[in-house]
Amino acid sequence: MSSPIYLDYHATTPVDPRVLKQMLPWFSKSFGNPSSTHSVGSEASQAVKAASLQVAELCGAMIRPGVSHTVVFTSGATESINLGLKGYVQRHQPEGRPFKLGVMGLEHKAVLDSCKSLQQAGLAEIRPLQVDACGRLDLDDLKTACSEGLDLLVIMAANNEIGTLYPLAEIGKIAAEHQVAVFCDASQAAGKVPLDFENWGLTMLALTAHKFYGPKGTGALIVRKGTQLSAQIHGGGHQQGLRSGTLNVPGIVGLGEASALRKLEMGEDEVRIANLRDKLQTLLQAAIPGLIVNGAEEARLAGNLHISLPNTPNDALVAQVAKDLAFSTSSACTSGLEASSHVLCAVAMKPELQRGALRLSLGKQTTEAEVTRAAELLIAAYSRLQEKLAEKV
Ligand code: PLP
């Protein structure tokens with residue numbers, strides 16, 4: 001049986017063979033613990049240092065050549081987000097008033113649930129930030145929120161469902177005018193769009209290797225030099241006490257290599273991916289009247305095509321094509337749950353459009369033949385469903 005066409009690159013990506021090649025020696029040949037003071041350990045600690053510079057370079061977090069803002073390695077973006085948000089809020093509690101977080105309702109659950117847990121612990125209040133139907137942040141509302149007093153602005157770089165990109169240069173400027181610290185979840189944007197941690201004035205940035213052809217289970221939190229955080233994992237005091245635990249050297253080397261490759265190659269790759277995405281969109285739009293493209297069409301991830309098919313329950317459509325196509329009807333992190341997408345709710349999408357929503361996401365390995373075939377399969381399944389529905393009437 002041949003494998004299905006993979007159109008779920010927002011859920012995860014395959015490890016680039018060049019990344020895997022760099023990782024392999026660190027499992028059993030150069031297996032040292034970076035905390036050990038002997039030569040085997042120092043070989044590993046140098047590899048970790050090199051990876052931290054590669055990650056910082058990808059995110060524009062260099063202070064000067066060879067020196068970057070702090071890169072804390074974690075088990076992925078969920079942990080980076082928990083460390084960044086909880087660690088910052090716990091450390092920066094204001095006197096006599098609650099800490100104020102500005103957050104959009106369409107952030108990833110790792111962000112929303114971290115904020116909620118801080119709220120439930122009585123450590124923070126949440127000021128929801130307004131978005132429009134395409135998921136774009138209302139910058140006037142952001143200005144109002146900042147001028148009313150925010151302690152931390154929480155903003156994703158790109159949405160994981162509808163693909164909308166956020167204008168971080170502009171957002172960073174507004175936050176800086178009001179001296180508001182900024183936490184950015186760049187999980188979907190890192191390695192796909194240029195990031196400029198330093199010049200955007202970000203305080204923290206979270207990312208994860210498996211979204212850009214690196215290994216699962218490895219991520220990082222970049223922290224502006226001088227920013228204090230409370231650790232969330234205690235132990236041997238690794239990584240300046242910010243995240244105890246023996247470092248996952250093969251994973252970190254993989255994250256570093258994936259970062260270096262994306263820095264070099266993403267410009268060209270993402271143009272090709274956007275062209276394929278546009279082709280898929282055009283083919284579907286031509287055959288499916290009333291198809292709606294969700295998200296901000298003019299500012300979205302190159303590989304993102306989030307659509308709503310009119311009068312088509314997405315579970316029925318998935319059932320028709322599941323053996324040939326792998327894609328998502330919601331974000332993979334929550335699609336196991338019997339709940340509608342909180343992102344689609346946050347953009348106030350009508351329930352019938354939510355029911356017909358599909359997230360198709362393309363990546364580096366997607367081919368033109370796959371796009372053509374995927375469109376044929378989706379159009380045929382849509383037509384069969386429409387016939388069935390017509391028979392019922
Ligand atoms: N943030 C966003 C926007 C994501 O898309 C994801 C993964 O889907 C995460 C955070 C969590 O990443 P990880 O799987 O590395 O914990």
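Note that ligands are numbered from 1 as they come in the structure, with each ligand's atoms numbered from 1 the same way.
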Item to check | Inter- and intrachain pairs under salt bridge (Lys or Arg N to Asp or Glu O under 4.0 Å), touching residues 232-259, at least two apart | outcome: E79-R243
Checklist entry - Which pairs with one or both residues in residues 213-227 pass salt bridge (Lys or Arg N to Asp or Glu O under 4.0 Å), sequence neighbours excluded? => result E198-R224
Checklist entry - Does at least one non-hydrogen atom of K216 fall below 4.0 angstrom from an atom of ligand 1? => result no
Checklist entry - Is there a heavy atom in H10 that sits closer than 4.0 Å to ligand 1? => result no
Next on the checklist: Check this for me: does any side-chain nitrogen of one of K364 and E270 sit under 4.0 Å from a carboxylate oxygen of the other?
Outcome noted: no
Atoms of ligand 1 close to [X] [distance to a heavy atom under 4.0 angstrom, numbered from 1]:
X	answer
G76	15 (O)
H210	13 (P), 14 (O), 15 (O)
N160	3 (C), 5 (O)

Answer side chain, backbone, both or neither: which part of [X] comes under 4.0 Å from ligand 1, heavy atoms only.
X	result
T78	both
E79	neither
A110	neither

Checklist entry - In terms of the angle between their ring planes, are Y88 and F99 parallel, tilted or perpendicular, with boundaries placed at 30° and 60°? => result perpendicular
Next on the checklist: So which atom in K116 and which in I126 form the shortest heavy-atom distance, rounded to 0.1 Å?
Outcome noted: N-CD1, 4.3 Å
Checklist entry - Nearest heavy-atom pair of T208 and S187: which atoms, and what distance? => result CG2-CB, 4.1 Å
